[in-house]
Amino acid sequence: MSTLLWAVFPYVALTLFFVVPFIRMIYRPFGLTTRASGMFNRGVLGFASLLLHWGIILLFIGHLSGFFGGLVGSQVAVGAFFWIGLVGGAMAIVGSFVALVRRLTVPEVRALSQLDDYVVHLFIIAIIALGLYQSVIDRIWGAAFPGAAWFASLWRFRPEPELMAGAGLFTQIHVLLGFLFAAYFPFTKLIHVWTYPINIAVRPYQSMRTAANKFRRKWEFALRTDKSFLTYFAASMVLILVAAAFLIRPPTLGGLDLTTPAVEVAAADTVADRGVQNGYPLYVSQCARCHGVSGDGNGLGKDSPTFGTLPRDLTAGLYRFVSTQSGIASDADLRHVIVEGLPSSGMPGFAALTEEQVASLVTVLDRLWVERPEPGPAVAVTPQPPFTQELRGQGRQLYADNCASCHGARGAGDGDAAAFIEDFPGHPLPPANLAAGEVKAGTDPVQLYYRIAAGIPNGDAPLMPSFSYLTPEEIWALVAYLRAEILPRGTLNGALAATP
Ligand code: HEC
Ligand code: HEC
């Protein structure tokens, strides 16, 4: 599915986008135009058209800035994309909306309109609305990081669909709609854009009041026909994109050599063979929008209201979802978080990445983590006993004694101590509402075991204490109780042993 959406469909769309105009040019040369309606209700149109056209030009510039910024790992350029996009998007959406209203309300214009006029408006409005939604409401700025890396991979003719799989849902729909629109574009009146950039400067005067002007051109260039404008424009666009994809060097971080993954040589070979991104470039494309290009947690999207807490500062290494006795995250813990994500927190899972890619990201996290201590041995998990009624009853009592003070008697996260827990000074982080299924790192028995045995460390001020003084049997009793009576059925993953 991911291959179809992000590796096949884009090529179909791009092919249509670049090839159909030529076919139309050859067979219906005079069709490359809008159906002018400017003679009716001119005032409104002028305003709307100005907004729409300049808005779209700004959007184009913004996306270009996002593309190059995303490729070289520049937060400034990607940030500029969002400001330019915000202004351009607002202008274009208002312009398109006003033009649509005019089309619907001015009888002469309505009579001239065809279905594609409306479809085009709806496309423009939907695509821009999704873009604006991301920049104003989601505020996960930096979608350009995965977007640019993936788009460049298309022009390297080695598509890497996995780079888009972890992007936000709205980003994905926005981009897919954009490509659908590109595929549809050459069949609409919008095809006039293709003749615009050069044509406007060199085309013959259109109104010929006297015969004397008839053959004068603004500049006497050889490239004069619509066909040559189209060819030059299409060819230069393709060339620029291919050149950018091949020539722009992947981002690096200071003196740190993070481009080579510390995976087995054999594995590295296959990675290189497939042209798949790894190491720091992969980090920039997948993680920088939230965790920042330098890993300090200051990504463009860090203030998104969709996050339960801030994206972690990866240089400090204060990791929470661990399986070790020391409370220091092991490589396996980091790997687990990257692949599965932390549902309900804003940290997406990256299940589409290959083993090698995930391994290379773990290496990057290891190098970003200044002064990483030895994680030490993992919590020993004894074999899971059968989850009997009796064990559950024992768990109910242990829960009331150890957990209810924070998580509340029924697991709703409303215990007496709940109000005082913060993960950063001034940033409350209430205990998980377990009854609502708020579990970030997995509800399978082993992960729950780890959470209870290792606690949830957060540097010097753990969010949840480690209950390592409980016996393995007692911890399993708690797990059995949580799964049977607290966590909602629908959220249980992993093997569920003996539930009557
Ligand atoms: C859309 C934003 C976003 C993206 C993209 C993102 N993260 Fe996160 N990440 C977060 C947030 C938010 C948290 C904090 C979650 C919490 O503690 O509730 C987090 C937490 C983490 C943690 C801490 C886990 C722990 O045990 O404490 C690690 C490690 C991490 N992210 C690594 C990555 C890596 C590697 C990538 C790229 C492959 C990535 N993140 C991409 C938002 C993001
Ligand atoms: C001092 C308060 C406190 C106590 C006591 C406490 N917890 Fe928690 N617990 C928390 C906080 C805070 C979180 C949320 C951490 C986060 O979201 O990063 C949490 C999260 C959890 C989670 C969700 C982990 C995840 O993957 O998101 C589970 C499961 C859990 N606690 C179980 C327990 C059990 C079982 C006990 C008793 C043995 C217990 N807790 C005792 C504060 C507490």
Side-chain angles (χ1 to χ4, degrees), residues 138 140-143 145-146 163 166-168 171 282-292 295 297 299-302 304 306-314 317-323 329 333-350 353 357-358 360-362 364-365 368-369 395 398-408 411 413 415-418 420-423 428-434 437-443 447-453 455-458 461-467 470 474-475 477-479 481-483 486-487:
D138 255 4
I140 307 188
W141 293 13
F145 286 114
L163 299 182
T171 311
L282 181 63
Y283 169 83
V284 169
S285 75
Q286 302 300 294
C287 323
R289 66 196 160 107
C290 297
H291 293 284
L300 291 164
K302 74 162 174 157
S304 170
T306 62
F307 300 155
T309 183
L310 298 178
R312 206 74 80 246
D313 173 354
L314 304 173
L318 301 181
Y319 294 126
R320 297 180 189 168
F321 302 98
V322 300
S323 65
D333 295 335
L334 297 175
R335 199 185 165 283
H336 181 259
V337 170
I338 295 172
V339 176
E340 307 290 336
L342 298 171
S344 85
S345 77
M347 165 73 197
F350 294 86
L353 297 180
Q357 286 174 314
V358 174
S360 77
L361 285 173
V362 171
V364 172
L365 293 183
L368 287 175
W369 188 343
L398 285 162
Y399 179 89
D401 295 344
N402 293 286
C403 324
S405 58
C406 284
H407 288 285
D416 296 336
F420 309 106
I421 302 178
E422 301 182 325
D423 62 343
L429 186 79
N433 181 344
L434 302 171
E438 255 178 39
V439 175
K440 295 173 179 170
T443 54
Q447 281 298 328
L448 290 174
Y449 190 107
Y450 284 148
R451 266 340 59 76
I452 298 168
I456 302 185
N458 186 33
L463 289 161
M464 172 168 139
S466 135
F467 294 92
L470 298 177
E474 288 172 323
I475 296 180
L478 278 164
V479 172
Y481 169 69
L482 286 181
R483 288 179 54 95
I486 297 281
L487 297 169

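Atoms within each ligand, like the ligands themselves, are counted from 1 in listed order. Numbers for residues simply follow the sequence, beginning at 1.
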Quick one: does any side-chain atom of S304 pair with a main-chain N or O of D138 as donor and acceptor, under 3.5 Å? yes

Residue L448 vicinity, atoms of ligand 2 by number, heavy atom under 4.0 Å: 29 (C)

Side chain R289, main chain K302, donor-acceptor under 3.5 Å: no

Short N/O distance, under 3.5 Å, between K440 and ligand 2? yes

Who's the nearest protein heavy-atom neighbour of atom 11 (C) of ligand 1, and how far? P311 CA, 3.5 Å

Straight-line distance of N458 CG to M464 CE, nearest 0.5 Å: 13.5 Å

Indicate, as side chain, backbone, both or neither, the part of L310 found under 4.0 angstrom from ligand 1 when only non-hydrogen atoms are considered. backbone

What residue and heavy atom of the protein are closest to atom 26 (O) of ligand 2, and at what distance? A441 N, 2.8 Å

Give, for atom CG of D423 and atom CZ of R312, the distance between the pair rounded to the nearest 0.5 Å. 7.5 Å

Just heavy atoms, cut-off under 4.0 Å: does Y283 contact ligand 1 by side chain, backbone, both, or neither? neither

I'd like to check which ligand 2 atoms, numbered from 1 as shown, lie under 4.0 Å from a non-hydrogen atom of I452. 35 (C)

Side-chain (R483) to main-chain (T443) donor-acceptor, under 3.5 angstrom: yes

Which ligand 1 atoms does I338 reach within 4.0 Å, using its non-hydrogen atoms? 35 (C)

The atoms of ligand 1 lying under 4.0 Å from a heavy atom of L342, numbered in the order shown, are 15 (C)

Check F321 against ligand 2 and report side chain, backbone, both or neither, counting heavy atoms closer than 4.0 Å. side chain

Atom OH of Y399 and atom CD1 of I486: how far apart are they, to the nearest 0.5 Å? 5.0 Å

In terms of residue, atom name and distance, what is the protein heavy atom nearest to atom 17 (O) of ligand 1? R312 NH2, 2.8 Å

Contact summary for G413 and A418, nearest pair of heavy atoms: O-CB, 3.6 Å

Nearest non-hydrogen contact to atom 25 (C) of ligand 1 from the set R335, R320, H336 belongs to R320

Give the residue, atom name and distance (to 0.1 Å) of the protein heavy atom nearest atom 29 (C) of ligand 1. Y319 CE2, 3.5 Å

dist F350:CZ -> L163:CG (nearest 0.5 Å) comes out at 10.5 Å

closest protein heavy atom to atom 2 (C) of ligand 1 is C290 SG, 1.9 Å

With a cut-off of 4.0 Å, which atoms of ligand 2 are near a heavy atom of L429? 12 (C), 15 (C), 16 (C), 17 (O), 18 (O)

Under 3.5 Å, is there a donor-acceptor pair between the D333 and S323 side chains? yes

Which one holds for T309 and ligand 1: side chain close, backbone close, both close, or neither close, with close meaning a heavy atom under 4.0 Å? both

Counting only N and O atoms by type, is there a donor-acceptor contact under 3.5 Å from the side chain of H407 to the main-chain atoms of A432? yes

Ligand 2 versus L470: contacting region, heavy-atom distance under 4.0 Å: neither

Take atom CG of D401 as the centre, draw a 6.0 Å sphere, and report whether it contains more than 12 heavy atoms from other residues, nucleotides or ligands. yes

Hey, does L487 have a side-chain heavy atom less than 4.5 Å from the side chain of L448? yes

For L478, the atoms of ligand 2 under 4.0 Å from one of its heavy atoms are 38 (C)

Suppose I only count heavy atoms of I421 and a 4.0 Å limit; which atoms of ligand 2 are within that range? 2 (C), 12 (C)

Give the ring-plane orientation class for W369 versus Y319, where under 30° counts as parallel, over 60° as perpendicular and anything between as tilted. perpendicular

Which residue holds the protein heavy atom closest to atom 33 (C) of ligand 1, what is that atom called, and what is the gap in Å? M347 CE, 3.3 Å

Under 4.0 Å between heavy atoms, the region of P465 that gets near ligand 2 turns out to be side chain

One finds that the ligand 1 atoms under 4.0 Å from a non-hydrogen atom of L361 are 38 (C)

Would H336 and Q447 count as a side chain to side chain contact (heavy atoms under 4.5 Å, CB included) if you check the C-alpha gap in whole Å, the side-chain angles of each, and the deciding distance to 0.1 Å? CA-CA 10 Å; H336 181 259; Q447 281 298 328; 3.4 Å; yes

Atom 5 (C) of ligand 1 [closest protein heavy-atom partner, distance rounded to 0.1 Å]: Q286 O, 3.3 Å

Rounded to the nearest 0.5 Å, what separation is found between the CG atom of L361 and the CD1 atom of I338? 5.0 Å

Specify side chain, backbone, both or neither for P348, according to which of its non-hydrogen atoms lie closer than 4.0 Å to ligand 1. side chain

Rounded to the nearest 0.5 Å, how far does CE of M347 lie from CZ of F321? 11.0 Å

Near S345 (heavy-atom distance under 4.0 Å), the atoms of ligand 1 are 12 (C), 15 (C), 16 (C), 18 (O)

Strictly distance-based, threshold 3.5 Å: is any side-chain N or O of S466 a donor or acceptor partner for the main-chain N or O of A453? yes

Closer than 2.8 Å to atom 8 (Fe) of ligand 1: does that hold for any N, O or S atom in C287? no

In the protein, what heavy atom is nearest to atom 20 (C) of ligand 1, and what distance, to one decimal place, separates them? H291 CE1, 3.8 Å

Heavy-atom side-chain proximity of Y283 to L368 below 4.5 angstrom: yes

Using a cut-off of 2.8 Å, find all protein N, O or S atoms closer to atom 8 (Fe) of ligand 2 than that distance. H407 NE2, M464 SD

Quick check on side-chain contact (heavy atoms from CB on, under 4.5 Å): which of T309, L342, V337 does R320 satisfy it with? T309

